[in-house]
Amino acid sequence: MSTTPLPGFEHLLAAKPTTEEGRTPRRGPTAEELLEGLNDPQREAVVHAGVPLLVVAGAGSGKTRVLTRRIAWLIQERKAHPGSILAITFTNKAAAEMKERVAELVGGRAKIMWVSTFHSACVRILRKEAEHLGYDRVKSNFSIYDAQDQKRLITMVCNDLDLDPRKFQPGPVLHQISGYKNELRDPAEVRADAKNSFEEAYASAYELYQRRLREANALDFDDLIMETVRLFQTKPGIRETYRRRFRHLLVDEYQDTNHAQYALIHQLCGQDLEEVSTGSTNLEGADAVPPAELMVVGDADQSIYAFRGADIRNIMDFEQDFPDARTVMLEQNYRSTQTILTAANAVIERNEGRKPKRLWSDAGDGAKIVGYVGDTEHDEARFVSDEIDRLTDEDAGLRAGDVAVFYRTNAQSRVFEEIFMRTGMPYKVVGGVRFYERREVRDALAYLRALVNPDDQVSMRRILNTPKRGIGDRAVACVGELATRDSMTFWEALRRADEAPGLATRSQRNIEQFVAVMGELMQMVEAGERPDVILESVLDKSGYLKSLEESDDPQDESRIENLAELVAVAREFAEDPIAGPSADPADVDAGLVEPGLADFLERVALVADSDQIPDAPPDGEAEPDAPAETGMVTLMTLHTAKGLEFPVVFLTGMEDGVFPHSRALGDRTELEEERRLAYVGITRARQRLYVSRSVVRSAWGAPAHNPASRFLGELPIDLVDWRRTEAEQTQWARPTFASDSRSSSYSGGQRLGSPTAAGRRNFSSAAARADAAAKSKPSRAIPNLAPGDRVTHDSFGLGTVVTVEGVADKSVASIDFGSEGVKRLLLRYAPVEKL
DNA sequence: CTAGGAAGTCTTTTT
DNA sequence: GACTTCCTAG
C-alpha cells in the first residue's frame, strides 16, 4: 500500500503542455467557443472589462473554469499579451493546472504568463531585485526558511536573548512574528507599540531573528511577501516596472489573503494602501500607468486560514475598498447533489454576519447522507472501510480513487491506515509527515542549501556534524564565538577554524576536513553541474550514505530509499526544463532554460501538501486520458481538501473537541471558522456524503468520551440516514459481522461480566480494553476545579484557580501561583490537588 | 564526544 | 503514544 507521499513534482512534470505545444498557434477558439457552456454570471465574469471585479464563487460553481476562460478571453479577444497577465493561485498544483488548461485553449503562448502562488511570484521578483533590497548579505541566492528552520533559528535567538524558554516557546513566538510580518510591521514599530515587558521581549526576538535571517542570506515564508511589498514601497521605480508589466491581475482564493498580500495587490493595481486610506486616487508622477485590471475570486464561507493570518475582511470589504467595483455571484453548483448542498447551506447559515448565498443544483436530490456512530475510532474506521468495500464492488462504477476520507487533524489518519492496510484497500495519505520533512531528506537538502548559500547558518550548522564526524557542541560554540568576535559569517569562521579560541586540535582537523569536502562540492555547483549529480556527490562525499548503510537501525533502510527518491526527483527536474511555474518567462523566451541547483531548491521549498494529489478529472471538462492508476482512497485533513472534489466523501471524527477542535470550543470566531471548515468538507462530495463519529476515542493514549459534533445537529434531520446511533452503540455484537458476533459476545461476557452490565457502562469490548490500558498506567483522577478554588501543586506550591477551559481530559486551568506566576496546566497531567 | 535512556512536551489546520 | 530534549555514563 503506498503510504509514501510522493514528492510533489509529478503533476508539474505531467503538466507539460503537449497538446498544443509545437503546433503553429491555430486561429484559436472563437468568442462563442470561449463562452460555450457558461451560465450568465459566469459569462459576465469572463468578458468583464474595466473596474475591479469580485467573483463570489460558491463551492463547485465552476470558478476554475471562469478563471481559465477569462484568461483565454483576455488573450484571444482583448489581445492582451500573455506576459502581461499575472494570475495568483493558492497552490502550485492549481497554478500548473490552470496554465495547462489555458494552454489547451490558446496554445503555447500561455507559458509566458505568470501563473503562480503569491510566494513563488514574490520569490521570482525578489531574486531578480535582490540587490535593491538594501541588505548587505541578501543576494539572489537567498535561502527560504521553512517552519523547521525558523524554529531552529528562533530557538537560538531566544537563547541569546536569555528569554525564559517556558514563557517564550519557539512556536508561539514564531506565530507572533509571523503576525507582525503579515501586518507589515517592522521590529521598530513593534517595539514602539509595546505596552509591557512581554511585548518588548517579542520585539527584541523579532529584531534579532530578522537580523540573523539577513546574516544568513535567508528569508522565511512571510518575508517573501513582506519584502516584496517593502521593495515596492521603497523603490517606486521598480514597482512601476511591474505595474507596467502586469496589466491583468487575477487572484484566486481571495478570502485567504492576508494583509501583506492585500497590500501587494493594491500596489500592483495602481492603488497604494496610503492612497486607499486617504481616499485619494492620485498617482504620483505623470508617467504613472493606469491601474491594472483586477479580478478576485473567492468565497468568504470557505475562509479557513485565519490562523495563519488570512483576513476575511479582505473579501468582505472588497466593495468598500474598491468603491466602483462590480460583484458577480456564482451560486449554481455543478458538483454536488441537492441533498449535499442543502446540508451545506444549513450548516453555514449558522454563522453570523455572513453575506447571504445559497448554493443550488439541478442535479437532483441524490442519495441521503449516511451517518454512523462507532464505539471507538477503530469501530468507526471499520465502518468506513466496510462501506468503501461495498461501494467499490457491488455498487460498480465506483473505484477506490473516487473516495476520500477527511479528518480534522493529521493524527487521525492512523486508524484508517491500520484498517486499510489490514484489508488491503489501496490508499494514499496526503500531508502529515511530508516527504520533504523527513530527517534524511532535510539533511540532504541542507547540504545543497549550504552549497548554494554558505551564509545559511541554520543549514550549515545542521550538516556540520551530520553524519557524526567529531564536531560537537563545544567546537561549534568556539567557531560561533570566533564568528561573533570578528563579525564574519559562520562559514567564514569555519574556514578559519585555526583562529578559533579554545578549539581542540582534533575538532579543528575534523572541521578542516569538512571544509575541504564542502569546497569540492561547491566547485561542482559553480561548474553548473546538474542538481541530481551534485546531490549524489553530496551523499557520497559527505559520508552520509555510508553512515546509513553501515547502520543497523532498520529505519535507515527506508531512509536510503527516500534519498534515492530525492535523487530521482532531482533528475527529473534537471531533465525537464519547462516543468512547473518557476521557470522565468524571460528565460523561457530566451530559450535559456537550464534549471540549476538553486531553482531546484526553490521548487522544493514551495511545494504544498495539496501539490501531491494526483490529478482528478475536474468539473465536467472531460479528461478522457485521466491516469488509470488513481485507484486509491485518499486520506487527508479538511484543510488540504479545499479546492478538491470526490464522488464519495467520508467526514470522520465528527465530535465536539475533535471537530470542532477543542481549542475552538470557547471562541465564537474560531468556532465559525471551524464551521466553514465543515462547509468546505461537505461541499467536496459529489454524490455521497458520510458523516461519522465515535463515542470513545483514545487521544494521547488515554480514552476520551466525546459528545457529538454540534455540526451534526445542524444537518437537517430528514437528510441523514443514521445507520447506527449512540443508543445502539452499547451492543457488543457487530451487526455487519454475523459470524463474528458470537465470539464477540463470549469474550465480551468474559471480560465484563454480563453483557447488560457492559451495555450500561457504555463500553464496547474495544473501549474496555482501552480503558484497562489506561488504568494500568498511573492515571490520576482529574480534579474538578472552578475559578477561585485553592489548589496545591507538587512543585509550584499554593495557588488559586483563575480560569478553567475545556472538558474532561482536555481541561486546562490557569492557576495563579503567586510568586511562581500564572501557569496554564493540563489537568490530566498536572500534579495539582484541590484543597 | 557520543550513545542511550529518562523525562518532558504535545496536536490544530499550512504557503 | 510519539517525538524531542535533557542527562548521564562511558
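- Here the side chain of T409(A) is nearest to one of dT13(B), dT11(B), dT15(B), namely dT13(B).
- Whole-Å rounding puts the R438(A) CZ to dT4(C) P distance at 13 Å.
- The NE2-P distance, from H175(A) to dT14(B), rounds to 15 Å in whole Å.
- Between the C1' atoms of dC6(C) and dT11(B), the separation comes to 22 Å (whole Å).
- When the nucleotides dT2(B), dT15(B), dT13(B) are ranked by their closest atom to the side chain of F307(A), dT13(B) comes out on top.
- The T117(A) side chain lies nearest to dT15(B) when the options are dT11(B), dA3(B), dT15(B).
- Regarding contacts with the backbone of dC1(B), every side-chain N or O of N510(A) stays at 4.0 angstrom or more from both OP1 and OP2.
- Taking only side-chain atoms of A475(A), from C-beta outward, the nucleotide of dT15(B), dC1(B), dT2(B) with the closest atom is dC1(B).
- Taken to the nearest 0.5 Å, the OG1 atom of T117(A) stands 12.0 Å off from the CG atom of D252(A).
- Atoms CG (N159(A)) and P (dC6(C)) sit 9 Å apart, rounded to a whole Å.
- Sequence neighbours left out, the pairs with a member in residues 458-470 of chain A that pass salt bridge (Lys or Arg N to Asp or Glu O under 4.0 Å) are D443(A)-R462(A).
- With salt bridges taken as basic N to acidic carboxylate O contacts below 4.0 Å, none links E602(A) and R124(A).
- Nucleotide dA2(C) holds its C1' atom 14 Å from the CG atom of N410(A), rounded to whole Å.
- Taking atom CG of D146(A) as the reference point, atom C1' of dT14(B) lies 11 Å away to the nearest angstrom.
- Looking at heavy-atom distances under 4.0 Å, N465(A) makes contact with sugar-phosphate atoms alone, never a base.
- F118(A) comes within 4.0 angstrom of nothing in the nucleic acid, heavy atoms only.
- Closest to the side chain of H639(A), out of dT14(B), dT15(B), dC1(B), is dT14(B).
- The phosphate of dC10(B) (OP1 or OP2) has a side-chain N or O of Q169(A) nearer than 4.0 angstrom.
- Between K468(A) and L677(A), the residue whose closest nucleotide on DNA chain B is further toward the 5' end is K468(A).
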Check against salt bridge (Lys or Arg N to Asp or Glu O under 4.0 Å), E673(A) and R676(A): CA-CA 5 Å; E673(A) 178 144 316; R676(A) 290 192 290 270; 3.3 Å; yes
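- Residue R506(A) is classed as having no contact, given no heavy-atom separation below 4.0 Å to the nucleic acid.
- E418(A) has its CD atom 14 Å from the C1' atom of dA2(C), to the nearest Å.
- Distance CZ (R414(A)) to C1' (dT11(B)): 13 Å, rounded to an integer number of Å.
- Ring pair Y305(A)/F90(A) is tilted by interplanar angle, where 30° to 60° counts as tilted.
- Rounded to an integer number of Å, the gap from CZ of R676(A) to C1' of dT13(B) is 13 Å.
- Comparing F221(A) and D473(A), the nucleotide of DNA chain B nearest to each residue sits closer to the 5' end for D473(A).
- Checking each of V604(A), I144(A), L601(A) against R449(A) for a side-chain contact (heavy atoms from CB on, under 4.5 Å) leaves exactly one that passes, namely L601(A).
- Residue-level contact check: E670(A) touches the bases, meaning some heavy atom is under 4.0 Å from a base atom.
- Regarding contacts with the backbone of dT14(B), a side-chain N or O of T637(A) is found under 4.0 angstrom from either OP1 or OP2.
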